[in-house]
Amino acid sequence: MTDWGSHLSTMRAQAPLVLNITNFVAMNVMANVLLAVGASPAMAHAEEEIAEITALSGALTINFGTADASWMRGIFKAVETAQARDIPWVFDPVAVAVSQLRRDTAARLLEMGPAVVRGNASEILAMAGQGDGGKGVDATDGVAEAEAAARSLANRSGAVVAVTGPVDFVTDGDRAYRVAGGHPLMPQVTALGCALTGVVGAFLPGQPRLEGTAAALACYATAGERAGAGAAGPGSFAVAFLDALAALTPADLTAAARVTPA
Ligand SMILES: Nc1ncnc2c1ncn2[C@@H]1O[C@H](COP(=O)(O)OP(=O)(O)OP(=O)(O)O)[C@@H](O)[C@H]1O
Ligand SMILES: Cc1ncsc1CCO
Ligand SMILES: [Mg+2]
């Protein structure tokens with residue numbers, strides 16, 4: 001049996017600096033989530049400085065949720081720096097289907113070698129050229145419908161692909177896991193998916209990509225389940241979720257993780 005908690009211990013021992021080029025909605029949520037789980041977040045995007053900051057980071061995450069042309073240039077500079085220095089980076093194709101700018105940027109980024117692509121089912125289907133893309137940032141497809149697309153996207157790109165939803169699915173194109181848990185209030189709190197992309201980044205330095213990603217998903221699923229048990233609605237859930245992430249111990253995670261090979 002995989003000791004999922006050992007991945008959390010490894011991450012916390014390093015407390016990696018995770019640089020996130022993310023959207024205005026997610027910035028604060030994501031920084032708090034990363035601090036709660038035990039990593040060091042940084043948010044930046046300016047094309048004039050992003051290469052320098054990337055070079056200092058243990059992992060990089062990319063999300064173009066509210067990006068303009070200057071941000072997109074920053075994204076490519078950051079990714080070029082990460083690639084040159086073997087810094088793992090995660091791509092979150094948020095609402096990829098809604099514009100030509102996003103579709104084109106996503107296609108270019110996919111060719112640049114992300115370690116992991118993490119999105120909801122509609123986003124992963126859209127990355128594979130299928131489905132209608134969902135409703136803006138929200139998924140309208142089930143995870144099971146995106147599993148084959150995730151496997152083919154992983155095989156085509158070399159990335160580990162994670163599809164999140166009620167039960168998450170993660171694959172390197174060959175092996176795969178399903179991660180159960182979480183809570184129906186999670187999609188009712190904005191940017192929790194964006195923030196999860198940062199947590200996946202935190203679990204990459206020095207760790208195997210597929211198992212590190214599955215462990216990050218399992219942390220989220222376990223904390224989400226615990227927070228949801230006492231929450232009155234999305235507001236109190238958001239607060240309880242941060243507390244649950246911070247309180248989660250490696251032993252807890254090993255005992256509670258519901259990760260099964262798929
Ligand atoms: N119905 C659900 N039940 C349990 N957990 C869920 C449910 N829906 C989503 N989750 C969990 O919520 C987290 C975020 O995943 P989601 O797929 O909602 O991301 P997203 O659509 O990219 O979010 P956003 O774009 O709002 O940041 C994941 O940990 C996922 O497992
Ligand atoms: C609501 C929203 N709009 C652009 S990014 C974002 C955060 C959730 O993906
Ligand atoms: Mg999203």
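When a ligand or atom number is given, it counts from 1 through the structure's own listing order. Residue numbers count from 1 along this sequence.
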Quiz prompt | Residue Val25 vicinity, atoms of ligand 2 by number, heavy atom under 4.0 Å | solution = 2 (C), 6 (C), 7 (C)

Quiz item: Near Ala191, which atoms of ligand 1 are under 4.0 Å from a heavy atom of that residue?
Solution: 26 (O), 27 (O)

Quiz item: When only distance counts, is Gly193 in polar contact with ligand 1, meaning an N/O pair under 3.5 Å?
Solution: yes

Quiz item: Which of the atoms of ligand 1 are close to Gly181, meaning less than 4.0 Å from one of its heavy atoms?
Solution: 4 (C), 5 (N)

Quiz item: With distance as the sole criterion, is a donor-acceptor pair present between the side chains of Gln83 and Trp89 under 3.5 Å?
Solution: yes

Quiz item: So, His7 versus Gln207: side-chain donor-acceptor pair below 3.5 Å or not?
Solution: yes

Quiz item: In ligand 2, which numbered atoms sit nearer than 4.0 Å to a non-hydrogen atom of Val94?
Solution: 9 (O)

Quiz item: What do you reckon, is CZ of Arg156 surrounded by more than 12 foreign heavy atoms closer than 6.0 Å?
Solution: yes

Quiz item: Looking only at heavy atoms of Leu192, does any of them come nearer than 4.0 Å to an atom of ligand 1?
Solution: yes

Self-check item: Of the listed options Arg118, Met186, Glu123, closest to atom 20 (P) of ligand 1 (non-hydrogen atoms)
Solution: Arg118

Practice problem: Identify whether the distance between the nearest side-chain nitrogen and carboxylate oxygen of Arg226 and Asp243 falls below 4.0 Å. | Solution: no

Exercise. May I ask you to list the atoms of ligand 1 that are less than 4.0 angstrom from any heavy atom of His183?
Key: 2 (C), 3 (N), 4 (C), 5 (N), 6 (C), 7 (C)

Self-check item: ligand 1 to Cys194 polar contact by distance, N or O atoms, under 3.5 Å
Solution: yes

Self-check item: Heavy-atom pair with the smallest gap, counting every atom of Leu248 and Leu8
Solution: O-CD2, 3.9 Å

Quiz item: Any luck finding a side-chain donor-acceptor pair between Thr66 and Asn23 under 3.5 Å?
Solution: no

Practice problem: Indicate whether any N or O donor in one side chain lies under 3.5 Å from an N or O acceptor in the other, for Asn120 and Thr164. | Solution: no

Exercise. Examine Arg118 relative to Phe91 and say whether NZ or CZ is less than 6.0 Å from the centre of the six-membered ring and inside a 45° cone about the ring axis.
Key: no

Quiz item: Would Gly224 count as a contact of ligand 1 if the rule is a heavy atom under 4.0 Å away?
Solution: no

Quiz item: With a cut-off of 4.0 Å, which atoms of ligand 1 are near a heavy atom of Leu196?
Solution: 28 (C), 29 (O)

Quiz prompt | Residues that Phe203 engages under ring-ring contact (aromatic ring centres under 6.0 Å, His included), provided they are two or more places apart | solution = none

Quiz item: Pro184 near ligand 1, heavy-atom distance under 4.0 Å?
Solution: yes

Quiz item: Yes or no on ring pair (Phe, Tyr, Trp, His ring centres under 6.0 Å) for Phe241 and Tyr220, after CA distance, side-chain angles and deciding distance?
Solution: CA-CA 9 Å; Phe241 180 61; Tyr220 235 62; 4.9 Å; yes

Quiz item: Can you list every salt bridge (charged side-chain N to carboxylate O under 4.0 Å, His left out) pair that touches residues 195-220, not counting sequence neighbours?
Solution: Arg175-Glu211

Exercise. Would you mind listing which atoms of ligand 2 come within a distance below 4.0 Å of any non-hydrogen atom of Thr190?
Key: 1 (C), 7 (C), 8 (C)

Quiz item: At a 4.0 Å threshold, what atoms of ligand 1 neighbour a non-hydrogen atom of Gly182?
Solution: 4 (C), 5 (N)

Exercise. Could you say whether the N/O atoms of Ala139 and ligand 1 ever approach to under 3.5 Å?
Key: no

Quiz item: With a 4.0 Å cut-off on heavy atoms, is Pro187 touching ligand 1?
Solution: yes

Quiz prompt | For atom 31 (O) of ligand 1, the option (of Asp168, Thr164, Asn120) bearing the nearest heavy atom | solution = Asp168

Quiz item: With a cut-off of 4.0 Å, which atoms of ligand 2 are near a heavy atom of Cys194?
Solution: 8 (C), 9 (O)

Quiz item: Can you list the ligand 2 atoms lying under 4.0 Å from a non-hydrogen atom of Asn23?
Solution: 5 (S), 7 (C)

